[in-house]
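Everything below concerns the one structure shown next.
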Amino acid sequence: MPSIEYEGSCVCGQTSYTAFDLNDISYCHCEQCRKMTGHFMAASQVSRENIKIKGKIKWFYTHEGSRHGFCDNCGANMFWQNDNKPTISVTAGSIDDSKELRTWHHIFTEEKGCYYNINPKEPQSEGYGNSKIDE
Ligand SMILES: [Zn+2]
Ligand SMILES: [Zn+2]
């Protein structure tokens, strides 16, 4: 299968990336993601060797090893990373053209806000879901 290339960028254009073979979109409803994003996290995971990032990122740790990355200039929420994993997640909204990416699953649904509903037809788990590229 040929690699699919994706471009992503922030609001001001200072921070951008090129990535290959993004995963379908995961939605994380955990408390940290909800507070960092203002709602819940929608992101696509990619192997770190398959992404090239340009620009300046400001990282904030929410707990040990887990950090969210924002454009240093405009504050766009663009990345999430667990330091112990070989992957990085890019926010769904930062992807310029998401092509055929679809919903993969919802995780940490136990911590979701009570003011919205998750489509019951979409896969969900109360904690971490199964990951296609982590072992
Ligand atoms: Zn920016
Ligand atoms: Zn989360």
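Because the structure is predicted, anything quoted here is derived from the model rather than measured. All residue numbers in this chain count up from 1 along the given sequence. Order of listing sets the numbers, starting from 1, for every ligand and every atom in it.
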Testing Ser16, Cys12, Ser94, Ser9 for side-chain contact (heavy atoms from CB on, under 4.5 Å) with Cys71, which one passes? Cys12
Is there a path of hydrophobic side-chain contacts, each under 4.5 Å between heavy atoms, that joins Leu22 and Ile4? yes
Minimal non-hydrogen separation, Gly75 against Phe70, with atom names: O-CD2, 3.4 Å
Decide whether Val11 and Ile57 are clustered together by the hydrophobic rule: side chain heavy atoms of Ile, Leu, Val, Met, Phe, Trp, Tyr closer than 4.5 Å, transitively. no
If I only include protein atoms of type N, O or S, how many are less than 2.8 Å from the Zn ion (ligand 2)? 3
4.5 Å side-chain heavy-atom contact, Val46 and Tyr6: no
Which residue pairs satisfy the side-chain hydrogen bond (donor to acceptor under 3.5 Å, both in side chains) criterion with at least one member in residues 67-79, sequence neighbours excluded? Tyr61-Arg67, Arg67-Asp83
Would you check if the side chain of Glu111 reaches a backbone N or O of Glu31 as a donor-acceptor pair within less than 3.5 Å? yes
How would you list, by chain and number, every residue that makes a side-chain hydrogen bond (donor to acceptor under 3.5 Å, both in side chains) with Thr109, sequence neighbours excluded? none
Can you tell me if Trp80 and Ser66 form a side-chain donor-acceptor pair at under 3.5 Å? yes
Are there any protein N/O/S atoms under 2.8 Å from the Zn ion (ligand 1), and if so, which? Cys10 SG, Cys12 SG, Cys71 SG, Cys74 SG
